[in-house]
Chemist: 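Okay, handing you the structure first.
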Amino acid sequence: EKSELLHEPWWVLFFDYWRCILLWARLDDLHAAQKLGVQMILDSKKPLFERHPLVPRIYNQLVSIFTYIDPVGYQDRIMDLVQFIQTDVDIDEDIAYLLLANRANLYFALDQLDEAREWALKSLHRISHRAYYAASAYTKLVLYSYVVRDYDQAARYVEEGERAARDAERKLIICEMLAWRALLAQIRDDHLEAGRYYELALHNRSRIGTTPTFTYHDVMCDYLERVGRDDDAIALREDQLETLKPSGLIHELCSCYLMWCRQLGRMGKLTDDHIIQAMEAGNLLLKPQSYYDKMEQIKMGNYDNWWGLV
């Protein structure tokens, strides 16, 4: 407000940029962040802001917001923005990495695993010397390796990812990697190690005081199912659902509903009411057909977590 009163438009854009980051990365208000992000794009096209150093980040931030909200629905807008940034905007190393990372996220959302892995590797190679970004790249590579059941490769990526996360003090990713260690140890039938890492993941989660990564819940639920703690797995998933409902993270909410229904199906507890709730969530998506196709598979008794991906 002071910047506006002082007629300092560059400072106004600067503060709007950071306000937008707070809205989507800290306050989980994706709708407000999207509205502000679109307005900043319009403002940044004015000749007045031609040399503003934050313009590339403003464009990339909107790519991230669209990717978080509904990557399938906003696919065309995401790709158009990425193309524009790569061809018409001067970008630095950070933006170059983030564009690659967002491409990987998009392909995961589109169930195109090989492409997701390709772009995750590109992002890692681009920024492997930066632990903060490398840790994020490893989370995608761990997930890919797990989905295709290459558990040895997944374990190697977990080791590298945890190392990078600790170097960068990225507590959420450390927590996710500990959960992966627990699950992979359980798959190896190393039950003592699995239990130890599970407790470490819980301990770290309790100390963070914020919402863990999306994958953390998937991994912990998978672990709990494998050790026969079905009720705990459902309780954790339903806690995740309640967290996601008001967040505006539509894609993650719908993914959570899919996982929830599959868990209930595997346990013989899936009811028509559960399916109705999940189907209603699909109405929030701009292009829900892929989601409805997966729900149809669930209705037919296919409860594989990764149906459609492998």
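Keep in mind that this is a model prediction, so the values were computed, not measured. As a basis for the values below, the full set of heavy atoms in this structure was taken, side chains included, without hydrogen atoms, waters or symmetry mates.
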Chemist: Any donor-acceptor pair under 3.5 Å linking the side chain of D43 with the backbone of L13?
Modeler: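 A pair under 3.5 Å: no.
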
Chemist: Could you tell me if the side chain of C254 sits less than 4.5 Å from the side chain of L285, heavy atoms only?
Modeler: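 Counting from C-beta outward, L285 and C254 do come under 4.5 Å.
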
Chemist: Between R196 and E193, does any NZ, NE, NH1 or NH2 come within less than 4.0 Å of an OD or OE carboxylate oxygen?
Modeler: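 No.
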
Chemist: Cluster partners of I208, using ILVMFWY side-chain heavy atoms under 4.5 angstrom, listed by chain and number?
Modeler: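 Listed partners: L172.
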
Chemist: For the residue pair Q297 and D293, confirm or rule out a side-chain donor-acceptor distance under 3.5 Å.
Modeler: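 Looking only at side-chain atoms, D293 and Q297 do not form any donor-acceptor pair under 3.5 Å.
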
Chemist: Does a side-chain N-to-carboxylate-O contact under 4.0 Å join D111 and K294?
Modeler: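 Answer for the salt bridge query: yes.
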
Chemist: Can you name the nearest heavy-atom pair linking G37 to C20, along with the distance?
Modeler: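 The answer is N-SG, 4.1 Å.
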
Chemist: Grab the two heavy atoms, one from A164 and one from A131, that are nearest each other, plus how far apart they are.
Modeler: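 Heavy-atom minimum between the residues: O-CB, 3.5 Å.
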
Chemist: Under the ring-ring contact (aromatic ring centres under 6.0 Å, His included) definition, can you give me all pairs with a residue in residues 272-299, not counting sequence neighbours?
Modeler: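 Checked against ring-ring contact (aromatic ring centres under 6.0 Å, His included) - neighbours excluded - the pairs reaching residues 272-299 are W260-H274.
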
Chemist: For the side chain of R77 and the backbone of F66, is there at least one donor-acceptor N/O pair under 3.5 Å apart?
Modeler: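 No, R77 side chain to F66 backbone: no donor-acceptor pair under 3.5 Å.
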
Chemist: Output a table of donor-acceptor pairs, distance under 3.5 Å, between side-chain atoms of residues 150-162 and any protein atom two or more places apart or on a different chain; print 'none' if there are none.
Modeler:
from: D150; atom 1: OD1; to: Q153; atom 2: N; distance (Å): 3.2
from: Q153; atom 1: OE1; to: R156; atom 2: NH2; distance (Å): 3.3
from: E159; atom 1: OE2; to: R163; atom 2: NH2; distance (Å): 3.4
from: E160; atom 1: OE1; to: R163; atom 2: NH1; distance (Å): 3.1
from: E160; atom 1: OE2; to: R163; atom 2: NH1; distance (Å): 3.0
from: E162; atom 1: OE1; to: R181; atom 2: NE; distance (Å): 2.5
from: E162; atom 1: OE1; to: R181; atom 2: NH2; distance (Å): 3.2
from: E162; atom 1: OE2; to: R166; atom 2: NE; distance (Å): 2.9
from: E162; atom 1: OE2; to: R166; atom 2: NH2; distance (Å): 2.9

Chemist: Search all heavy atoms of I69 against all heavy atoms of G248 and return the closest pair with its distance.
Modeler: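 Looking at all heavy atoms of both residues, the shortest contact is CG2-O, 3.9 Å.
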
Chemist: Aromatic ring centroids of Y197 and W180 under 6.0 Å?
Modeler: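 Ring-ring flag for Y197/W180: false, centres at least 6.0 Å apart.
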
Chemist: Rounded to the nearest 0.5 Å, how far apart are CE of M295 and CE of M300?
Modeler: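 Nearest 0.5 Å value for the CE-CE distance: 13.0 Å.
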
Chemist: For residues 46-54, which side-chain N or O atoms pair as donor and acceptor with protein atoms under 3.5 Å away, sequence neighbours left out?
Modeler:
from: H52; atom 1: ND1; to: L54; atom 2: N; distance (Å): 3.1
from: H52; atom 1: NE2; to: W10; atom 2: O; distance (Å): 3.0

Chemist: Does the pair E118/K122 count as a salt bridge with the N-to-O cut at 4.0 Å?
Modeler: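 A salt bridge links E118 with K122.
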
Chemist: Run the side chain to side chain donor-acceptor pair (under 3.5 Å) test on Y74 and Q34 for me, step by step, so that the C-alpha distance in whole Å, both residues' side-chain angles and the decisive distance to 0.1 Å come before the verdict.
Modeler: CA-CA 12 Å; Y74 287 118; Q34 180 183 353; 3.0 Å; yes

Chemist: Between N102 and N60, is there a side-chain heavy-atom distance shorter than 4.5 Å?
Modeler: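 They are in contact (side-chain heavy atoms under 4.5 Å apart), so the answer is yes.
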
Chemist: Who are the ring-ring contact (aromatic ring centres under 6.0 Å, His included) partners of F214, not counting sequence neighbours?
Modeler: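 Partners of F214 by the ring-ring contact (aromatic ring centres under 6.0 Å, His included) criterion come out as none, since no residue qualifies.
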
Chemist: Taking CD in E169 as the centre, count heavy atoms belonging to other residues, nucleotides or ligands within less than 6.0 Å. Is the count above 12?
Modeler: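 No - once you tally the heavy atoms of other residues, nucleotides and ligands closer than 6.0 Å, there are 12 at most.
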
Chemist: Between F14 and W11, is the ring centroid distance below 6.0 Å?
Modeler: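 For F14 and W11, the ring centres are under 6.0 Å apart.
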
Chemist: When clusters are formed by joining ILVMFWY residues with side-chain heavy atoms under 4.5 Å apart, either directly or through shared neighbours, do I276 and L241 land in the same one?
Modeler: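 Unlinked, I276 and L241 end up in two clusters.
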
Chemist: Pair R237, Q240 - check side chain to side chain donor-acceptor pair (under 3.5 Å), show working.
Modeler: CA-CA 5 Å; R237 183 67 71 190; Q240 183 189 17; 2.8 Å; yes

Chemist: For E176 versus T139, what's the shortest heavy-atom pair and its separation?
Modeler: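 E176 and T139 have their closest heavy atoms at OE2-CB, 3.6 Å.
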
Chemist: What is the minimum heavy-atom distance between A134 and I127, and which atoms define it?
Modeler: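 Looking at all heavy atoms of both residues, the closest pair is N-CG2, 4.1 Å.
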
Chemist: Near Y223 OH, under 6.0 Å, is it more than 12 heavy atoms from other residues, nucleotides or ligands?
Modeler: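 Yes, because the 6.0 Å sphere around OH of Y223 holds more than 12 heavy atoms from other groups.
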
Chemist: Do D167 and Y132 pair up side chain to side chain, a donor and an acceptor below 3.5 Å, judged on atom types alone?
Modeler: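 Side chains of D167 and Y132: no pair found under 3.5 Å.
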
Chemist: Do I174 and V219 sit in the same hydrophobic cluster, where Ile, Leu, Val, Met, Phe, Trp and Tyr count as joined when their side-chain heavy atoms come under 4.5 Å apart?
Modeler: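 No; tracing contacts between hydrophobic side chains, which count when under 4.5 Å, never links both residues.
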
Chemist: More than 12 heavy atoms of other residues, nucleotides or ligands under 6.0 Å from NZ of K35: yes or no?
Modeler: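 No, the 6.0 Å shell around NZ holds no more than 12 heavy atoms from other groups.
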
Chemist: Are D190 and Q186 close enough that a side-chain donor and a side-chain acceptor fall under 3.5 Å?
Modeler: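 Looking only at side-chain atoms, Q186 and D190 do not form any donor-acceptor pair under 3.5 Å.
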
Chemist: Flag the pair D304 / R262 as yes when at least one side-chain heavy-atom distance between them is below 4.5 Å, and no otherwise.
Modeler: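 A side-chain contact is absent here, since even the closest heavy-atom pair is not under 4.5 Å.
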
Chemist: Taking L264 as the fixed residue, which of I275, L270, I298, T271 is the one that meets the side chain to side chain contact (heavy atoms under 4.5 Å, CB included) rule?
Modeler: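 Passing option: L270.
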
Chemist: Does some side-chain heavy atom of M177 sit less than 4.5 Å from a side-chain heavy atom of V142?
Modeler: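 Yes, at least one pair of side-chain atoms sits under 4.5 Å.
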
Chemist: Inspect the contact between R57 and D94 and indicate whether a charged nitrogen and a carboxylate oxygen are less than 4.0 angstrom apart.
Modeler: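 So D94 pairs with R57 through a salt bridge.
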
Chemist: When hydrophobic residues are tied together by side-chain contacts of less than 4.5 Å, even through go-betweens, does V38 share a cluster with L22?
Modeler: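 Looking at the clustering, L22 is in a separate group from V38.
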
Chemist: Any donor-acceptor pair under 3.5 Å linking the side-chain atoms of D114 with those of Y144?
Modeler: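 D114 and Y144 do have a side-chain donor-acceptor pair below 3.5 Å.
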
Chemist: Can D16 and R19 be said to form a salt bridge (charged side-chain N to carboxylate O under 4.0 Å, His left out), step by step?
Modeler: CA-CA 5 Å; D16 278 347; R19 186 158 62 95; 3.0 Å; yes

Chemist: Mind listing the side-chain donor-acceptor pairs of residues 199-207 below 3.5 Å, one per line with the distance, residues two or more places apart or on another chain?
Modeler:
from: N204; atom 1: ND2; to: L200; atom 2: O; distance (Å): 2.8
from: R205; atom 1: NH1; to: T210; atom 2: O; distance (Å): 3.1
from: S206; atom 1: OG; to: H203; atom 2: O; distance (Å): 2.7

Chemist: Could you tell me whether L192 atom CG has more than 12 heavy atoms of other residues or ligands within 6.0 Å of it?
Modeler: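 Not more than 12 within 6.0 Å, no.
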
Chemist: Take atom CG of D273 as the centre, draw a 6.0 Å sphere, and report whether it contains more than 12 heavy atoms from other residues, nucleotides or ligands.
Modeler: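 Buried by this count: over 12 neighbours within 6.0 Å.
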
Chemist: Ignoring hydrogens, what is the shortest heavy-atom contact between V72 and A109? Give both atom names and the distance.
Modeler: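 Nearest pair, atom of V72 first, then A109: CG2-O, 3.7 Å.
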
Chemist: Decide if atom CG of D90 counts as having more than 12 heavy atoms of other residues, nucleotides or ligands within a radius under 6.0 Å.
Modeler: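 Not more than 12 within 6.0 Å, no.
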
Chemist: Distance only, no hydrogens: is a donor on one side chain within 3.5 Å (strictly under) of an acceptor on the other, for R170 and S136?
Modeler: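 The criterion, which ignores hydrogens and geometry beyond distance, is satisfied for S136 and R170.
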
Chemist: What distance separates D231 CG from L224 CG, expressed to the nearest 0.5 Å?
Modeler: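 So the gap between those two atoms works out to 10.5 Å.
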
Chemist: Using a distance-only test with no angle check, is there a side-chain donor-acceptor pair under 3.5 angstrom linking E252 and H217?
Modeler: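 Note: E252 and H217 side chains miss the donor-acceptor criterion.
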
